[in-house]
Every structure is written in C-alpha cells, then in structure tokens.
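Okay, so here's the structure we're looking at.
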Amino acid sequence: MKTQLCDHADEAVAGIEDGSTVLVGGFGMAGMPVDLIDALIRQGAKDLTVVSNNAGNGDTGLAALLAKGRVRKVICSFPRQADSWVFDELYRAGRIELEVVPQGNLAERMRAAGAGIGAFFCPTGVGTLLTEGKETREIDGRTYVLEYPIRGDVALIGAHRADRTGNLVYRKTARNFGPVMATAATTVIAQVREIVETGEIDPETVVTPGIYVDRVVKEAATA
C-alpha cells in the first residue's frame, strides 16, 4: 500500500479505535511524536494500551494523553522519574494499569513481533518480580524466561526525514524505538521534520523502509 502523505496530524491519526494498543516512540522527549499524540488527544480514542520507554514527561506529549484519562494500561521500562507526576498520581489512585518490562526486553519483544517470532527465551529479569509466574528453562546451565512479542494496532513514531514513499531516517538518539515499532504495528504513522522528494535520501542511510510506513506528516513549525 502506498504511503499516505498527510497535511495535518489530525488526518494522520484518523481512525484509531478505542481499545487500541499504541506503540509510542521516544526516549524521554528524544524522538517523541508530540504532534501525533496531541492529535490523538483531539481525536478522542480511549481505553488505550500504550507501549513506550517511559510513562510520560511533565505535562506534555504522552503525559498529556494520560492526564485526559484515555489510557487504560501502560507497558514501559521506566514508569517513574523526576517529572512523571501525571503517571504517579494516576497509578497511586488505581486509575491506570502498569506492566514493567526491562528496556532490552521491551525492544526485543517488539522486534520479535515484526520478525514473526512466536516467543523467545531471555535471561533478563530472571529471579525478580518481573518474571514471576513466567515459564523458565535451563539452557547451557543458565536460567532463561519465556517472553512473548508485543504487537501494536498503531505505532506513532518520530523521525528526522522522510521521502514521498515513506522511507525514514532518524537523527541520533531520536532513533531509539522507532525502527522496531515500525515493524511491530499494523498501522505506522510517522511525524518527521521534513519531507523530501523520492531519491533524495541515500538508500544506504534509510533505517525504516517505506514498506512499513502507512502515513507521514510533517511536524508543525515552532516559533
């Protein structure tokens, strides 16, 4: 399917349904698709499961989505930090569910979804509360725990540049989870700083091929 170039973030997030699992890129605010999250708030989808590295920063982006009461569950690696007061308040009040996943496992579980891997054994978290009740196996004298893929209905990712066929390149740490999320979701929506003509991006620098990207929107200009 041809990548759709959207004129506005509201057009890009149209059709996201209640109850969706939404993969949200970003490492802190690096690579966070804020325009798409703001548009999702306006769009109104609720009862969402959000998969991201953390549970929001300050009062903007993912934190703003949580504050609107649209998220039922968060799957992340770092739910608490100095500016996670929105999530903290919701969690302490019992208004949101949490699944903590070690950071490497989080990335690998999404990569597994994109690669068609049914499950995999990993040593991370063995012997901790994070793996309580999960299947374990001894392999070459070491204990591993069985982990399952994380698939998304939608992925919202931030990239640096796209061409008109949806090929993406990222800038430095903003690359974080975007590439694996783009392979793990049914619908992939990318917010980019600029859109160039097809052929202007060196194929050797493409990180996410356009075959994975359904919609692209240029981020709003800031003063």
Side-chain angles (χ1 to χ4, degrees), residues 1-6 8-27 31-56 61-77 79 87 90 95-101 103 105-120 147-159 162 166 168 176-192 207-217:
M1 187 179 75
K2 185 178 179 181
T3 301
Q4 177 185 355
L5 301 182
C6 301
H8 194 278
D10 291 335
E11 178 186 359
V13 303
I16 297 178
E17 299 180 351
D18 293 351
S20 295
T21 295
V22 182
L23 315 181
V24 180
F27 192 89
M32 179 69 68
V34 175
D35 288 0
L36 293 177
I37 297 170
D38 287 347
L40 182 58
I41 293 172
R42 293 190 293 271
Q43 190 258 12
K46 59 184 183 298
D47 195 33
L48 303 173
T49 295
V50 167
V51 183
S52 192
N53 181 62
N54 65 323
L62 185 53
L65 181 65
L66 268 60
K68 292 292 186 180
R70 304 282 178 75
V71 179
R72 178 184 63 82
K73 180 179 180 179
V74 171
I75 301 174
C76 72
S77 298
F87 173 80
L90 291 170
R95 295 167 55 196
I96 197 166
E97 297 176 40
L98 171 66
E99 179 182 345
V100 177
V101 180
Q103 192 174 69
N105 286 15
L106 185 68
E108 186 65 7
R109 287 175 67 184
M110 289 185 284
R111 192 195 71 82
I117 296 171
F120 61 93
E147 297 284 2
Y148 290 92
I150 296 175
R151 298 178 176 85
D153 298 299
V154 181
L156 305 180
I157 60 177
L168 303 180
N176 51 72
F177 290 91
V180 291
M181 288 181 171
T183 68
T186 301
T187 300
V188 177
I189 307 169
Q191 169 188 320
V192 299
V207 178
T208 298
I211 192 171
Y212 292 109
V213 182
D214 298 283
R215 304 174 193 168
V216 171
V217 65

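Values below: all heavy atoms of this structure, side chains included; hydrogens, waters and symmetry mates excluded.
For the pair C76/L98, a side-chain contact is recorded, criterion being any heavy-atom separation below 4.5 Å from C-beta on. Using a 4.5 Å cut-off on side-chain heavy atoms (C-beta onward), V22 and V71 make no contact. With a 4.5 Å cut-off on side-chain heavy atoms, T21 and K73 do not count as touching. At least one side-chain heavy atom of L106 sits less than 4.5 Å from a side-chain heavy atom of V51. Here the side chains of Y212 and M181 are not in contact, with every heavy-atom distance at 4.5 Å or above. Two residues are said to be in side-chain contact when any heavy atoms from C-beta on lie closer than 4.5 Å; I75 and I150 meet this criterion.
Of all the heavy atoms in L66 and L90, the pair that sits closest is O-CD1, 3.4 Å. Considering all non-hydrogen atoms of both residues, N53 and G26 come closest at CB-O, 3.5 Å. Shortest non-hydrogen contact noted between V217 and L36 is CG1-CD2, 3.8 Å. P79 approaches F87 most closely through the heavy-atom pair O-CD2, 3.5 Å. Counting all heavy atoms, side chain and backbone alike, C6 lies closest to A12 at SG-CA, 3.7 Å. Across all their heavy atoms, G158 and P33 have their closest contact at N-CB, 4.1 Å.
Between the CD atom in E17 and the CG atom in L48 there is a gap of 11.0 Å [rounded to 0.5 Å]. Atom CD of E11 and atom CZ of R215 lie 8.5 Å apart (nearest 0.5 Å). A distance of 14.0 Å separates CD1 in I37 from NZ in K68, rounded to the nearest 0.5 Å. Distance check: L62 CG to N54 CG gives 7.0 Å after rounding to the nearest 0.5 Å. Rounded to the nearest 0.5 angstrom, Q191 CD and D38 CG are separated by 9.0 Å. Put simply, CG on D35 and CG on D10 are 10.0 Å apart, with the number rounded to the nearest 0.5 Å.
With V101 as reference, R109 is the one residue of R109, E147, M110 to meet the side-chain contact (heavy atoms from CB on, under 4.5 Å) rule. When V216, I157, V154, L23 are each tested for a side-chain contact (heavy atoms from CB on, under 4.5 Å) with V188, only one passes: I157.
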Criterion side chain to side chain contact (heavy atoms under 4.5 Å, CB included) on T49 and R72, from CA distance to verdict: CA-CA 6 Å; T49 295; R72 178 184 63 82; 3.1 Å; yes
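Judged purely by atom type and a 3.5 angstrom limit, S20 has no side-chain atom pairing as donor or acceptor with the backbone of D153. Between the T208 side chain and the L168 main chain, no donor and acceptor come within less than 3.5 Å of each other.
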